[in-house]
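Residue numbers start from 1 in every chain, and the chains themselves are labelled A, B, ... in the order their sequence lines are given, proteins ahead of strands.
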There are 2 protein chains.
Amino acid sequence: MNQDQPGAVGVAPVTLDDVATHAGVSRQTVSNVLNAPHRVREGTRERVEAAIARLGYQPNRAARALRAQASRMIGYRIEPVHEESLASIHDRFLHALADAGREADHHLLLFTADDPAGELAACARLFRTGGVDGFVLYGIDHGDARPAALLKVGAPFAVFGRTDSDSGHCWADVDNVAGVADAVDHLIERGHRRVGFVGWPEGSGVGDRRAEGWRAALEEHGLLADCQRLDAQTHDTIAAGAAAGAKLLDLSDPPTAIVTVTDTLAVGVMRAAQGRGRVIGEDLAVVGFDDTPTARVLGLSSVRQPIEEVGRVIVEMLLARLPGVPHQPQTAAGPEGRLLRPSLVARGSSAAPYPSSST
Amino acid sequence: MNQDQPGAVGVAPVTLDDVATHAGVSRQTVSNVLNAPHRVREGTRERVEAAIARLGYQPNRAARALRAQASRMIGYRIEPVHEESLASIHDRFLHALADAGREADHHLLLFTADDPAGELAACARLFRTGGVDGFVLYGIDHGDARPAALLKVGAPFAVFGRTDSDSGHCWADVDNVAGVADAVDHLIERGHRRVGFVGWPEGSGVGDRRAEGWRAALEEHGLLADCQRLDAQTHDTIAAGAAAGAKLLDLSDPPTAIVTVTDTLAVGVMRAAQGRGRVIGEDLAVVGFDDTPTARVLGLSSVRQPIEEVGRVIVEMLLARLPGVPHQPQTAAGPEGRLLRPSLVARGSSAAPYPSSST
DNA sequence: TTGTATGCGTTATCAA
DNA sequence: TTGATAACGCATACAA
């Protein structure tokens, strides 16, 4: 009828031998039916398949892993939850990874570590003990020592993000420049001419690229000169965002719209504006980054990262590089890196058109 | 110097045999040093330990799993991210699980499923193939068919939440009654006499218990009669919360404070109140449930679940029931269930004392 | 096309 | 106290 395991209650596991006995063949033939069906005669194959279905046989993972020297596991470090951060990205990413792995019968192995050093130690250990076939690294940015270290360990891996020198490993990243540029375009389209930016301190690849997106978009519209002084840099908390927002709003010629490097900072900016009696979406437009649940609640426009796609792409790349599973012709095992485009989610905070008379 | 693996670059894995050769003993002796140190002479042991350290030997997980019939893996289904929900609980829970497992050298195996049926099929498969030793189930509530089904499969598991008939498996849950009761107590202490409640439709254990907490606390203070009509029930979206809040606020004798079954609904209530020109924390007190990041942003008081502790306790219980790892005397393998107390996080939304003259 | 033998790395049993 | 042997379940090379 169906191929579910027959309602057996805590039964003894079915092995290859059981199936072989049942089908009246050797266990090697059963193995062939599973791993090289073409090498077996049709009649025999059907008999074996029937036995497999009836007994609900499923190959033992440990045995398979031991024999094949491949665990079909992908290691992933789950980081502690930042209480300050609003991000739900991590959750989405994790789900995407697990989902992508499923299709290739690879599962995610989650582990924790207290710091990057601990993470590397854990990675090395997991890899050397055959616990995982490779890793996915999250939140890679300039100066991250993990890629080089993992390379040294000899473990395959793929990362979300980029270091200053991406070499020898594959990566996927969101096009942060384009993301912020889209936000700026959107605001200019609505009539804004003075668009500010609240970013992170210089030095992080992600932050610098988002700032670059702001600058580039303004330049393209010939507005850079007007907005030259309309940016601020600070660390990623609501309070800091409020301070930065206050600074910009208190200028003699303040921006009519502000883009921020994260939703967290956007919330701070909104707070500062409201504290000055300004109505978000009317007196001041704000666009954040990450499309967090909080942004939805507050009606904050935000740049949404295509995390699900990033996860899919990353797993794809990693699996392509794993020895023993040559899905592809493995000519060059696919591209080294992929840049994915985020999309703007426009909400009330940037809804109202702005009278173009603003200089 | 240190016991890290010597900076070997992608070297061949070290096996028990390598260590044995190196130490001039048989591999069985090496195994004994690791698994039954007392059965080996001190001198030999030291020699073997030195070899282990020098070679950076670490036992192969697959081989160990095959031999011991135990993968040292805990299965966990990661659910799709609810776009509507504000919860970060899931993230915290996951981290807690991974962290708790680490201490016992157990790791989390993540998998996805499209629905409960798919989840059960995946569980059965993972368990029968030796991929995991047991499972942790999240979000169990009345009418959940998974526990019974897993029991039938014969897989050990522990759940977060309770069904109507918890039997045969261990569970941990948050004391929802006490959580909401604490919130109500807090409001009464601040002078409120008319405390409303926005909950879920009847039938869910979690929702009903939270409603019960509201009822019980009011009764204890002799205020139940006054507040009898001050509750509403709806599903868990911001819009629904706003509607429910509007209904309560538009009563001829409206509540001065409202407790909600989730932060999501609380946000809705706040929105309804603000739409009516009421200032949260002054004209109306609101307390939510879950202590989401959004609650922090909005200054919303909220009941915080001790998720980290729940995770720890659940893993502890599960491991205690796993065959082969008898940490405890395994008399009765510990208690069947544990109820953990949440704590109220008071913020601005319930800050101001309310003049006790309100009827 | 099918079956036999062997080994993946570990640990349990038993004999020395 | 130590070592030889076998077995966990599967898959590969090779022989029939």
Side-chain angles (χ1 to χ4, degrees), chain A residues 11-49 51-52 55-72 105 125 127-131 133 323-325, chain B residues 11-49 51-52 55-72 105 125 127-131 133 323-325:
Chain A
V11 288
V14 180
T15 78
L16 217 47
D17 268 324
D18 299 332
V19 177
T21 306
H22 221 83
V25 296
S26 81
R27 76 171 175 233
Q28 177 50 28
T29 301
V30 181
S31 178
N32 278 339
V33 169
L34 293 171
N35 302 311
H38 56 279
R39 314 208 125 234
V40 78
R41 189 169 47 191
E42 178 150 6
T44 323
R45 202 184 61 214
E46 280 166 2
R47 205 147 34 94
V48 171
E49 277 168 349
I52 289 178
L55 270 53
Y57 167 77
Q58 288 172 319
N60 179 288
R61 288 184 73 102
R64 205 201 263 270
L66 180 58
R67 184 65 173 100
Q69 302 287 41
S71 59
R72 289 170 171 273
D105 191 31
R125 181 189 172 91
F127 183 64
R128 293 175 51 105
T129 59
D133 297 337
V325 191
Chain B
V11 288
V14 179
T15 77
L16 219 46
D17 268 323
D18 298 332
V19 177
T21 307
H22 221 82
V25 297
S26 80
R27 76 172 173 233
Q28 179 52 30
T29 300
V30 180
S31 175
N32 280 337
V33 168
L34 292 170
N35 303 309
H38 56 278
R39 312 210 124 233
V40 78
R41 190 168 47 191
E42 176 149 6
T44 322
R45 202 184 62 213
E46 280 166 2
R47 206 149 32 97
V48 171
E49 277 169 348
I52 288 177
L55 270 52
Y57 167 77
Q58 287 173 320
N60 179 289
R61 288 184 71 103
R64 208 201 261 270
L66 180 58
R67 185 64 178 117
Q69 303 285 43
S71 60
R72 289 170 170 275
D105 191 32
R125 182 188 173 91
F127 183 64
R128 292 175 51 107
T129 59
D133 297 338
V325 192

Need two values: the first and the last nucleotide of DNA chain D, 5' to 3', having an atom under 4.0 Å from any heavy-atom of chain B. D/dT1 to D/dG9
So if I take residues 64-71 of chain A and measure heavy-atom distances to DNA chain D, which residues fall below 4.0 Å? A/Arg64, A/Arg67
Tell me, which of residues 21-37 of chain A have any heavy atom that sits under 4.0 Å from an atom in DNA chain C? A/Val25, A/Ser26, A/Arg27, A/Gln28, A/Thr29
Taking all heavy atoms of A/Pro13 and all of A/Asp18, pick out the closest pair and write down the distance. O-OD2, 3.8 Å
If you look at every heavy atom in B/Arg128 and A/Gly56, which pair is closest and at what distance? NH2-O, 3.0 Å
Measuring from atom CD1 of B/Ile52 to atom CG of B/Leu55, what distance do you get when rounded to the nearest 0.5 angstrom? 9.5 Å
B/Tyr57 and B/Leu16 have their tightest heavy-atom pair at OH-CD1, 3.2 Å
Do A/Arg47 side-chain atoms and A/Ala23 backbone N/O form a donor-acceptor pair below 3.5 Å? yes
d(B/Arg39 CZ, B/Ser31 OG) to nearest 0.5 Å is 12.0 Å
Pairwise distance NE2(A/His22) to CG(A/Asp17) - rounded to 0.5 angstrom: 13.5 Å
Contact between A/Val48 and A/Val40 at the side-chain level, heavy atoms closer than 4.5 Å - yes or no? no
Send over the distance from B/Leu55 CG to C/dG9 P, rounded to a whole Å. 14 Å
Selection: residues 40-48 of chain A, any non-hydrogen atom under 4.0 Å of DNA chain C: A/Val40, A/Arg41, A/Thr44
To the nearest 0.5 Å, tell me how far A/Leu34 CG sits from A/Gln58 CD. 10.5 Å
Suppose we screen for side-chain contact (heavy atoms from CB on, under 4.5 Å). Which residues come up paired with B/Ser26, at least two apart in sequence or across chains? B/Gln28, B/Thr29
Nearest-Å distance for atom pair CG/P, residues A/Leu16 and C/dG3: 12 Å
How about B/Val30 and B/Val25: do any of their side-chain heavy atoms sit closer than 4.5 Å? yes
Donor-acceptor contact below 3.5 Å, side chain A/Ser71 vs main chain A/Gly131: yes
How sharply is the helix from C/dT1-D/dA16 to C/dA16-D/dT1 bent, taking the axes over five pairs at either end and rounding to 10 degrees? 40°
Under a 4.5 Å cut-off applied to non-hydrogen side-chain atoms, are B/Asn60 and B/Thr15 in contact? no
May I ask you to test the A/Val19-A/Val33 pair for a side-chain heavy-atom distance under 4.5 Å? no
How many angstroms lie between atom OG1 of A/Thr129 and atom CZ of B/Arg61, to the nearest 0.5 angstrom? 6.0 Å
